Structures are given as C-alpha cells and as structure tokens.
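One structure is given here, and the rest of the page talks about it.
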2 protein chains.
Amino acid sequence: MRRRSNVAETAPDIATLTRPGAGPLYAQVHAGIIQRIVAGVWKPGKLLPSEGRLAEEFGVSQGTVRKALDALAAENLVLRQQGKGTFVAAHTPERALFHFFKIIGDDGSHQLPTGRILSCARRRPSQEETQKLALAPGAKVIHIQRVRDLAGRPAIVEKVVVPARLFPDLGQPSPDTLPNTLYKLYEEKYGVTVAQAIERLRAVAARKNEAALLNVPVGAPLLEVERIALTLDRTPVEWRVSHCDTRGHHYLATVV
Amino acid sequence: MRRRSNVAETAPDIATLTRPGAGPLYAQVHAGIIQRIVAGVWKPGKLLPSEGRLAEEFGVSQGTVRKALDALAAENLVLRQQGKGTFVAAHTPERALFHFFKIIGDDGSHQLPTGRILSCARRRPSQEETQKLALAPGAKVIHIQRVRDLAGRPAIVEKVVVPARLFPDLGQPSPDTLPNTLYKLYEEKYGVTVAQAIERLRAVAARKNEAALLNVPVGAPLLEVERIALTLDRTPVEWRVSHCDTRGHHYLATVV
DNA sequence: GAGTGGTCTAGACCACGCT
DNA sequence: GCGTGGTCTAGACCACTCT
C-alpha cells in the first residue's frame, strides 16, 4: 500500500482486501475496515485490533490508521474508548433511542415506543417497493405492520418492508416474536447492520385505518416519516413508512 | 499555552484570548478561532491566516492547528481550499439552499423559495417568545410574516421573530426591502452569524389564515417546522415557525 | 505494569492556485 | 516559483483500564 518515497521500503503489502492506489491511504484503510466489518471478520460489539496492529496489517503508520478510525467514529460506525480499545458499533437500545429514533416528547423526553404487531406477511413487492429497495426481478418482501405507543397512547402506525432474501424467516414462527427494536434483530440474527437512514417528512391526512388505530378523526394531520435504511455498504435493506400523531411529540433535527 | 515538557521552551504565550489550561490545546485553538470570528477579527468570507501563522500566534504546532481547523470545517464554520487557504464560512445563497433549507421537491430538486412579506412590526414579545429567544425583561422583538412560493405556488407561511436589540432597523424603511435570504442580511448588515439551528417538526391542521394564504382547505395537514437559530456562541437569535404544504415537497433528513 | 487510545510535535513530500 | 492546504510518517508523553 506504500506509494510515496517518503519512507524506507520495509514490509510488502499483506492486507490486500482493498484496491491499492485508490485515493489517500487513510481512505483505503477506512474502506478496508468497513469491508472487514461487512465481511464479518469483525462483528458488531467486538473489539478491533489496536491501532498499532492495524497499522501493521495495512502497512501504514499508526497516524494514518488513527485518521481512518476517527472518521469511522464520527460516522458512528465504531466506538473508541481510551484504555480499552475500539469497538464495532452495535445496535443497543440506546443507539436506537438516541440515533435512530428522532421523535421526542415536547418536554424533551426520550422514550422508545412499545409496539404491537398487526400483521406480518411474505408477498410480492409493489413496483414502488421494488424501486425503493432496489430489488431484483422476482424477489419477495416481508411486510410488517405495527402500532407503537408513546406516553401510553397509540401514536405511530408503521409499515416496514424488507427483502425476504436477507431475512428468510423474519416473523416466524409467530409475528409476536418480533422484538421492539428491529435493527438489533437484523444485526444479531441476520448479520445485517443498519448504518444510516434517509428520512423524508411530510404532513398528511389520516386515512380511515390510521385514524381508527390512532384514535383520531379521519383527516387529522399526521406526520409521515418515510425512511430508507442503508447498510454499511449503502445497500437499502428496509423501507419504512410511519404515520405519527404529533400532539405531545415532535421530530427533532439539527441543522449546521 | 505550552504545558508539556515535550518541547523546548521558546516563545511566550502571545495569544491569550483563550484561558490556558482548559482542556486539550486543539480545543483551545478551536475556541480561540471562534472567539476571534465572533469578535469580528476575522469576518465571514475572509481568509484566515495560514496554518503556520496560526500555529505561531497560538504557540502550538501546525498539526494542532490543523486538528482545530479540520473540526471547524466539519462544523461548516470555515471552508478549506487547497492552494488558496482557509476562509470563514459566509451565508451564500448556496449555503442557504443546501445547509439551511431542508425542503426539497419530491423529485429531489433543490430550490430556494421566493418570498412575499405580509407584515413587519416591532412589538413586545409574548411570554413564549421571551423564553425561546432568552430575552431580557423589557426587550422588544421584530416580527415578520411572509409567504414563500415553491414551484410557482404558495407553499410556506412563515413567522420570523428576532430580538430588536440585535437588528435595530430591520425592515426599515419598508418591509419590501427585506431580502429573500435573511441570514445573509443578518450577517452582512448586523454582524450576526447564524451557525446552527434546531428544528422541531410536527403535523398540524391549517388554520383559517394559513389556509387562505396557501389556498388549501381549513384543516388541511401542514408540516410545522419550528426553528431556533443560534449564533457561533450558541446564543438564540431567531425564532421561526413555518407551515408548509407538503404536496409535492418534503423535508429531507439523514440519520446516522 | 502492560496495553490502549488521546494529545502533541517535527518534518517530509504532494497537489493545487496563483502570479 | 511560491505559498497554501493535504497526506504521511515517526516518536514522545499523557490518561485511562484492567490485571
């Protein structure tokens, strides 16, 4: 991986999962670490090799590894702890609450909603689902519907669609076995890590079934949150559309 | 600012706007640069001294200055350009469009809305305004109402409230002189730089005046975006509540 | 005390923008 | 050709965690 004449030639390249010559070394190390996580070499929650060992593996200096790890930490893909080491980020309930669930109480309180599954079925995707999830022709999807409570009241109606190929027996034997935080399940049972999501927000009028489930009048304003969840390598793995009753709650975003 | 025995003692501390001993050196340099921007030593759009000169000024190594500047660049407070230098971030139309305006067309198109001022008045703040803007007792505010068009159609009704102290003659002599991008005006005319904003989103029903202005029925769902804009030193300087017709548009957020 | 990440320095060379 | 930021290295010491 060495290119510059900056340094005496010592060890040959060992770690060649990454294509050499593709941009700065730290970027190659960054990509290489992600590749190894994707490949399952290092699993969520587990300790990475130390900076020094990674530097040896990649054939770069410790400072270059540090720059790559700092970037990964800024993206919430690894967690660095002085004195302990660097861990691959895992989907804990805390992460679900503070990173992936942006609806909080008007008093600022965070709370993870409890959930009730309405249905869970395997079926053919609609055209829209095929496009949103970049599905291959003939691929099937699993479709989950649930209602989630906030402050003890039904507040969110949610539709979750995932490719059946990645989650073969999701919701089996019974939909009631589905946990509240799906991403932890995706990660632990199916080895699929959700690393990022894109959300599109709109205000819509409650339709009949949403109104009934949320106990609001038909036509009441609901916050629609459409989310596409992406893996470490940016593959879409979940399409989720939530309709939220925002009386007493709101979606919090920060702009810089 | 030197503390470690790591290096030979050379120059005494010159730059003492920052309190010494407050955390890592790079954090002190980071804070020191922000302080100088706030103080008007370096103005938006202007070139900062080079890394080497800053290192001399602060009495640290170039690497430490680099770490501070990289952090500032990540926060969009400075702009780094290889071969040219480091510039203080300024509110260009592009920044307004891509950083501070998160509503885009359903086809992904960005466009800055045009605006029409409905009213601009100086008055006493409500209790809510006093709290949101952290106003001193007796302070006055300036209140602006406007309608903004997207795709040639009125789509956003907006209320903007700012402390009158900071913007003494805002909207004078005529409200029609107010530009479309207020933050550029705040920055250039009043020396107030908006660096960050916190937005809270809800779905609400259109009230009579909003419905009339947006040409929708009373009760139609609107996306309410409540924003508090903060300066470089985190002082709230603007409270803005927008009501958006999200047919054809949506609010885009990224979750990591 | 050993091992880890966190901070800081010093110096090299590269890539870019300008004149 | 010069000055700028961008990359990379090497090595020092500090702070923290665990045994």
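Owing to the predicted nature of the structure, the values given are computational and were not obtained by experimental measurement. Within every chain, numbering begins at 1; the chains are lettered A, B, ... in the order of the sequence lines, protein sequences first and strands thereafter.
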Enumerate, atom names and distances included, each donor-acceptor pair closer than 3.5 Å involving a side-chain atom of residues 66-74 of chain B, sequence neighbours excluded.
residue, atom, partner, partner atom, Å
B:Arg66, NH2, B:Glu51, OE1, 2.9
B:Arg66, NH2, B:Glu51, OE2, 3.2
B:Asp70, OD1, B:Arg80, NH1, 2.7

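Using a 4.0 Å cut-off on heavy atoms, the residues of residues 69-88 of chain A that approach DNA chain D are A:Gln82, A:Gly83, A:Lys84, listed by number.
Counting distance only, with no hydrogens placed and no angle test, the side-chain atoms of A:Arg66 and the base atoms of C:dG5 include no donor-acceptor pair under 3.5 Å.
Per the geometry, CG belonging to B:Leu25 stands 17 Å off P belonging to D:dC13, to the nearest Å. Straight-line distance from the CD atom of B:Gln62 to the C1' atom of D:dC8: 13 Å, rounded to whole Å. In this entry the distance linking NE2 of B:His30 with C1' of C:dT7 reads 16 Å, nearest Å. Rounded to an integer number of Å, the gap from B:Arg53 CZ to D:dG5 P is 11 Å.
Every side-chain contact (heavy atoms from CB on, under 4.5 Å) that B:Val241 has, sequence neighbours left out, goes to B:Lys159, B:Glu224, B:Glu226, B:Trp239, B:His243.
The side chain of B:Ser50 contributes an N or O atom lying less than 4.0 Å from OP1 or OP2 of D:dT4. For D:dC8, neither phosphate oxygen OP1 nor OP2 lies less than 4.0 angstrom from any side-chain nitrogen or oxygen of A:Tyr26. At C:dT7, none of the side-chain N or O atoms of B:Thr64 fall inside 4.0 Å of OP1 or OP2 (strictly under the cut-off).
Listed by first then second residue, pairs satisfying salt bridge (Lys or Arg N to Asp or Glu O under 4.0 Å) with a partner in residues 82-107 of chain B read A:Arg202-B:Asp106, not counting sequence neighbours. Screening residues 60-100 of chain B for ring-ring contact (aromatic ring centres under 6.0 Å, His included) gives B:His91-B:Phe100, B:His91-B:Tyr183, B:Phe98-B:His110, B:Phe100-B:Tyr183 as the qualifying pairs, with residues at least two apart or on separate chains. Screening residues 25-52 of chain A for ring-ring contact (aromatic ring centres under 6.0 Å, His included) gives no qualifying pairs among residues at least two apart or on separate chains.
Across D:dC8, C:dA10, C:dT7, the shortest atom-to-atom separation from the side chain of B:Ser61 is found for C:dA10. Which of C:dG5, C:dT9, D:dT7 sits closest to the side chain of A:Glu51 comes down to C:dG5.
Comment: B:Glu57 does not engage B:Arg53 in a salt bridge, judged by the lack of any side-chain N to carboxylate O separation of less than 4.0 angstrom.
Both A:Pro49 and B:Val65 sit near DNA chain C, but only A:Pro49 has its closest nucleotide nearer the 5' end.
A:Tyr251 and A:Glu199 share a donor-acceptor pair across their side chains, judged by distance under 3.5 Å alone.
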